[in-house]
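What follows is a single structure, written as C-alpha cells, with notes after it.
The model shown is predicted, which means the values in this text are computed figures rather than measured ones. All ligand and atom numbering here is 1-based and tracks the order in the structure.
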Amino acid sequence: MSLYKPETIECNGETFKIYLTKEELERRVAELGEELTEKYRGKNPIFIGVLNGAYIFLSDLMRNVAIPCEVDFLKLSSYGDEKVSSGQVTDLKDIDADIEDRHVVLVEDIVDTGLSMKYMLNKLQLKNPASLATVTLLHKAEATHHDVQLDYVGFKIPTLFVLGYGLDYAQEGRNLAQIYILDGDQ
Ligand code: IMP
Ligand code: MG
C-alpha cells in the first residue's frame, strides 16, 4: 500500500509541512482505543462520527476498540472553504440510529471554537442517551471559547490551521496520512 505522506504539500496554492507523523498518530489513536475499550466494556457503545473530517480518525479509532460496538454518522457544515470558522453551524445529516438509553461516544476530528461540539452535544442530549462522551483527535485549546466537555483528547495543539488525516482545506488534503500545518507556522 502506498500512503500519501510527502514532506511538504501544496494545497490551494499554499505550502504545508508535517506537524504530526503517521507514527505519532497511530500511537495516540491506539492509546485512546485502549482507554475506550476499558471504559465501555459490556456497554456496547455507539460511536457517532462527525462527517466529513472525522471519518479517518474514527475508522482507525474503532479498530483499536476491542469490544462490540456500533457506528453512525452525522454531518455538519461550519467552515465553508475558508481557514477560519464561519461561526455558523448548519445540519446536513442527522444520525439514523435510535440512541435512547445507549452509551454514545461522539467522535470529532478537531475542536476549534467549540461551537460545533456544543451544538451537537445539545442536540444528542435531547435524544436521551444513557451516557454521552466526546473524543476529539485535536483540540485547539486556546481557541475554544464555548463551554464544552471533552472527555478524550488526542493532541492539544496551538491555534494553527491543520490539514490531512481527514481534515481538509476547501475539501482537499483529507487523504494525507499525516497532519500538516502551514509552512510559515511555528
Ligand atoms: P468549531 O465549531 O469552531 O470548534 O470548529 C470545528 C470544525 O471546524 C471541525 O469539525 C473541523 O471540521 C473544522 N476545523 C476546525 N479547525 C480546522 C483546521 O485547522 N483544519 C481543518 N478543519 C478545521
Ligand atoms: Mg469536523
Side-chain angles (χ1 to χ4, degrees), residues 4-6 8-22 24-25 28-29 32 47-61 71-95 104-125 132-186:
Y4 188 29
K5 49 199 269 297
T8 62
I9 175 80
E10 294 287 322
C11 193
N12 292 300
E14 295 182 80
T15 308
F16 289 79
K17 63 183 176 188
I18 297 172
Y19 182 66
L20 292 167
T21 64
K22 179 174 177 293
E24 287 169 322
L25 290 167
R28 189 68 187 119
V29 172
L32 291 172
F47 291 91
I48 297 183
V50 185
L51 294 172
N52 291 336
Y55 80 114
I56 300 230
F57 171 48
L58 175 60
S59 71
D60 283 347
L61 183 68
V71 70
D72 199 358
F73 295 93
L74 60 75
K75 185 166 184 173
L76 296 180
S77 159
S78 68
Y79 252 53
D81 285 350
E82 305 302 323
K83 292 206 294 299
V84 288
S85 173
S86 66
Q88 283 186 340
V89 180
T90 320
D91 273 303
L92 294 178
K93 180 203 174 300
D94 197 0
I95 54 170
V104 174
V105 184
L106 183 60
V107 181
E108 254 288 29
D109 50 358
I110 188 164
V111 173
D112 185 354
T113 65
L115 178 67
S116 310
M117 189 58 106
K118 187 171 181 173
Y119 176 86
M120 292 184 288
L121 285 172
N122 287 340
K123 215 175 125 102
L124 293 174
Q125 204 58 261
L132 179 55
T134 57
V135 186
T136 185
L137 176 66
L138 305 172
H139 182 206
K140 294 186 192 174
E142 282 149 24
T144 306
H145 56 83
H146 292 278
D147 182 25
V148 283
Q149 160 216 335
L150 302 179
D151 299 292
Y152 301 89
V153 174
F155 300 90
K156 195 173 138 183
I157 66 166
T159 309
L160 300 173
F161 186 76
V162 292
L163 176 73
Y165 197 68
L167 291 137
D168 73 306
Y169 179 14
Q171 300 307 323
E172 276 183 41
R174 296 193 196 275
N175 59 327
L176 290 160
Q178 316 190 94
I179 289 183
Y180 293 73
I181 55 173
L182 276 170
D183 196 23
D185 282 342
Q186 280 217 323

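- Atom numbering of ligand 1 starts at 1 in the shown order; those under 4.0 Å from a heavy atom of Thr113 are 1 (P), 2 (O), 3 (O), 4 (O).
- At most 12 heavy atoms of other shown residues, nucleotides or ligands fall within 6.0 angstrom of atom NZ in Lys156.
- Looking at Tyr180 and Thr8, their side chains never come closer than 4.5 Å, going by heavy atoms from C-beta outward.
- A perpendicular orientation is assigned to the rings of Tyr169 and Phe16, their planes being inclined by more than 60° (bins at 30° and 60°).
- Only the side chain of Glu108 comes within 4.0 Å of ligand 1, counting heavy atoms alone; its backbone N, CA, C and O stay farther away.
- When side chains are defined from C-beta on, Leu163 counts as touching Cys11, because their heavy atoms get closer than 4.5 Å.
- Listed by number with element, the atoms of ligand 1 under 4.0 angstrom from any heavy atom of Leu160 are 19 (O).
- Taking every heavy atom of Ser116 and a limit of under 4.0 angstrom, the matching atoms of ligand 1 come to 1 (P), 2 (O), 5 (O), 6 (C).
- No donor-acceptor contact under 3.5 angstrom links the side chains of Asp185 and Tyr19, judged on distance only.
- For the pair Phe161 and ligand 1, the shortest N or O to N or O distance does not fall below 3.5 Å.
- When non-hydrogen atoms are compared, ligand 1 lies under 4.0 Å from the backbone of Leu115 as well as from its side chain.
- In terms of modelled atom types and a separation under 3.5 Å, the side chain of Thr113 and the main chain of His146 share no donor-acceptor contact.
- By the 3.5 Å distance cut-off applied to N or O atoms, Leu167 is not counted among the residues near ligand 1.
- Using a non-hydrogen distance threshold of 4.0 Å, Gly114 registers as a contact of ligand 1.
- Of all the heavy atoms of Asp168, the ones lying under 4.0 Å from any atom of ligand 1 belong exclusively to the backbone.
- When Ile110, Val111, Val89 are checked for heavy-atom proximity to atom 9 (C) of ligand 1, Ile110 turns out nearest.
- Residue-environment remark: CG (Asn122) exceeds the threshold of 12 foreign heavy atoms within 6.0 Å.
- Only the side chain of Lys140 comes within 4.0 Å of ligand 1, counting heavy atoms alone; its backbone N, CA, C and O stay farther away.
- At least one donor-acceptor pair under 3.5 Å links the side chain of Lys140 to the backbone N or O of Leu160.
- Counting heavy atoms closer than 4.0 Å to ligand 1, residue Asp109 contributes side-chain atoms (C-beta onward) but none from N, CA, C or O.
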